Asks: 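Quick one: structure below, then a few questions.
Note that this is a predicted model, so its numbers are computed, not measured. The chains referred to below are lettered A, B, ... by the order of the sequence lines, with proteins before strands, and numbering in each begins at 1. All heavy atoms count here, side chains included; hydrogens, waters and symmetry mates do not.
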Number of protein chains: 2
Amino acid sequence: MTPHVVTEDREAADVEHVRWLTPDQQRCWRAYLEGTARLSEALGRQLETEAGLSLAEYEVLVRLSESDGRTMRMSVLADSLAHSRSRVTHTVARMEKHGLVARQTCSADGRGVNCHLTDAGFARLEAAAPGHVAQVRESLVDVLDDDQLRVLGEAMAAVAAAIGR
Amino acid sequence: MTPHVVTEDREAADVEHVRWLTPDQQRCWRAYLEGTARLSEALGRQLETEAGLSLAEYEVLVRLSESDGRTMRMSVLADSLAHSRSRVTHTVARMEKHGLVARQTCSADGRGVNCHLTDAGFARLEAAAPGHVAQVRESLVDVLDDDQLRVLGEAMAAVAAAIGR
DNA sequence: GGTCCATAATTGAAGTCTCAACGATCCGAT
DNA sequence: ATCGGATCGTTGAGACTTCAATTATGGACC
């Protein structure tokens with residue numbers, strides 16, 4: 001974010017080479033910040049109140065439900081979510097306490113841990129999914145036309161690729 | 001997010017009217033989730049390590065630096081950031097402890113509180129801004145072409161408007 | 001001028017995430 | 001074989017956010 005006030009009272013000298021954002025870029029960036037803040041707030045609230053799940057927990061359920069044997073290595077889960085390993089450890093620990101997943105040591109690699117979706121966890125996902133999808137549509141997908149959504153997806157994929165080297 | 005496994009073993013009956021996401025929509029939505037996760041992580045880490053500020057604190061500094069008298073009402077600050085009032089109270093309390101802002105009761109409205117940017121806070125912003133802008137460019141602005149960035153901004157503005165009723 | 005309700009901001013507890021440090025296991029090179 | 005570095009996952013502390021309850025003030029209405 002470029003606080004334009006800061007750009008003033010800056011000497012014409014050459015000590016600073018800051019490429020501040022243009023006004024157009026600034027508008028886009030701030031719209032992004034506000035949009036993501038409101039969106040994650042809306043999604044989190046819907047899931048929490050209607051399903052008793054955090055967004056992070058929901059995402060874990062989804063990944064597991066789609067994987068072979070409904071089981072994933074902790075590290076694969078973490079990479080797939082773009083969450084830190086520590087974060088996934090904490091999230092999964094909470095979910096295990098509630099019976100949504102079960103952890104078992106990995107036979108192939110003594111260091112690894114397999115995270116398995118229980119039937120209760122799958123049922124919880126089935127119950128939560130319709131309301132969550134409805135919220136995603138209401139707040140994002142149905143708000144944009146096809147082109148906007150496509151470009152948004154391409155742009156964020158490029159961002160993810162640029163960061164996740 | 002639509003766990004496609006859930007869509008199976010669903011009866012052809014009419015009890016459920018869930019409009020699941022299409023595969024294209026699903027790809028966009030997941031790209032969005034991954035992109036925002038990686039981006040906020042990258043921005044937060046840069047600010048924390050190079051300036052000792054959280055992104056929320058930085059945003060507060062920016063808003064205050066642009067406001068008349070470098071002062072804003074707490075509620076205006078909260079609305080402007082799309083953050084909850086409680087969150088802003090906590091953030092500002094931490095910042096006040098570090099001398100970046102000062103709070104004073106509002107003369108016009110006995111309930112209100114004015115948050116003022118101190119000189120130390122302004123100096124901190126000046127020091128932090130170049131590195132932050134560089135990160136925003138490297139991770140987002142310079143990764144996208146002008147059209148992508150423009151559409152991204154428009155889309156997120158539409159999302160914010162759809163949610164913030 | 002008193003009642004009622006809306007708004008402003010704070011508080012503390014509980015939940016979530018980050019960070020750095022750790023123990024354990026694997027693997028390649030010697 | 002074993003040394004040493006890399007990977008895997010966890011841990012606990014501290015930082016940050018949310019939620020519900022609370023205090024206090026403002027304003028409308030009669």
Asks: With sugar-phosphate meaning primed atoms plus P, OP1 and OP2, does B/R73 contact a base, only sugar-phosphate, or nothing at under 4.0 Å between heavy atoms?
Replies: sugar-phosphate
Asks: Looking at A/S86 and C/dC17, is any side-chain donor or acceptor paired with a base atom of the opposite kind under 3.5 Å?
Replies: no
Asks: Within a 6.0 Å radius of atom CG on B/D119, are there more than 12 heavy atoms belonging to other residues, nucleotides or ligands?
Replies: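 Not more than 12 within 6.0 Å, no.
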Asks: Pick the nucleotide of DNA chain C nearest each of A/A56 and B/V88; which residue has the one closer to the 5' end?
Replies: B/V88
Asks: Is the phosphate of D/dG14 approached by B/R94 (side-chain N or O, under 4.0 Å from OP1 or OP2)?
Replies: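 No, outside the criterion.
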Asks: Would you state whether a donor and an acceptor, one from the side chain of B/H83 and one from the base of D/dT18, lie under 3.5 Å apart?
Replies: no
Asks: Please give, in whole Å, the distance from C/dT7 P to B/M74 CE?
Replies: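 Nearest whole value for this atom pair: 18 Å.
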Asks: Does OP1 or OP2 of C/dC17 have a side-chain N or O of A/T91 closer than 4.0 Å?
Replies: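 Looking at the OP1 and OP2 atoms of C/dC17, one of them is under 4.0 Å from a side-chain N or O of A/T91.
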Asks: How close or far is atom C1' of C/dG23 from atom CZ of A/R85, stated in whole angstroms?
Replies: 16 Å
Asks: Below 4.0 angstrom, N of the basic side chain to O of the carboxylate: do A/E34 and A/R30 qualify?
Replies: no
Asks: CG of A/L152 to OH of A/Y32: how many Å apart, nearest 0.5 Å?
Replies: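 It is 9.5 Å, given to the nearest 0.5 Å.
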Asks: Provide, to the nearest angstrom, the distance between the NE2 atom belonging to B/H98 and the C1' atom belonging to D/dC16.
Replies: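 It works out to 13 Å between those atoms.
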Asks: Check whether any side-chain nitrogen or oxygen of B/R45 sits under 4.0 Å from OP1 or OP2 of C/dT18, and answer yes or no.
Replies: no
Asks: Can you establish whether the number of heavy atoms outside A/D146 located under 6.0 Å from its atom CG is more than 12?
Replies: no
Asks: Within less than 4.0 Å of OP1 or OP2 of C/dT7, is there a side-chain N or O belonging to B/S75?
Replies: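 Checking C/dT7 against B/S75, no side-chain N or O comes under 4.0 Å of OP1 or OP2.
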Asks: Assign each of A/T49 and A/T89 to its nearest nucleotide of DNA chain D by heavy atoms, then name whichever residue's nucleotide is nearer the 5' end.
Replies: A/T89
Asks: Identify, between A/G44 and A/D109, the residue whose nearest nucleotide on DNA chain D lies closer to the 5' end.
Replies: A/D109
Asks: Does a nitrogen or oxygen in the side chain of A/R111 sit under 4.0 Å from OP1 or OP2 of C/dC22?
Replies: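 False: A/R111 side-chain N/O out of range (4.0 Å or more) of C/dC22 OP1/OP2.
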Asks: Heavy atoms, side chains only, cut-off 4.5 Å: are B/L125 and B/Y58 in contact?
Replies: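 Yes, their side chains come closer than 4.5 Å.
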Asks: In whole angstrom, what separates B/L47's CG from C/dT18's P?
Replies: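 Atom-to-atom, B/L47 to C/dT18, this comes out as 15 Å.
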Asks: To the nearest Å, give me how far apart CZ (B/R103) and P (C/dT11) are.
Replies: 7 Å
Asks: Quick one: A/Q104 CD to D/dG9 C1', roughly how many Å, whole number?
Replies: 15 Å
Asks: If only side-chain N and O atoms of B/S84 are considered, is one of them under 4.0 Å from the OP1 or OP2 phosphate oxygen of D/dT18?
Replies: yes
Asks: Round to the nearest Å and state the distance from B/K97 atom NZ to D/dG14 atom C1'.
Replies: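 Between C1' of D/dG14 and NZ of B/K97: 13 Å.
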Asks: Among A/V60, A/D79, A/L77, exactly one meets side chain to side chain contact (heavy atoms under 4.5 Å, CB included) together with A/M72. Which residue is that?
Replies: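 For A/M72, the side chain to side chain contact (heavy atoms under 4.5 Å, CB included) test succeeds with only one of A/V60, A/D79, A/L77, which is A/L77.
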Asks: Rounded to whole angstrom units, what separation is found between the CG atom of B/L81 and the P atom of C/dA9?
Replies: 13 Å
Asks: Is B/R87 close enough to D/dC19 that one of its side-chain N or O atoms is under 4.0 Å from OP1 or OP2 there?
Replies: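 It does not, given that no N or O in the side chain of B/R87 lies less than 4.0 Å from OP1 or OP2 of D/dC19.
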Asks: Does A/H90 get its side chain close enough to the base of C/dG15, under 3.5 Å, for a donor-acceptor pair?
Replies: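 Side chain to base: no pair below 3.5 Å.
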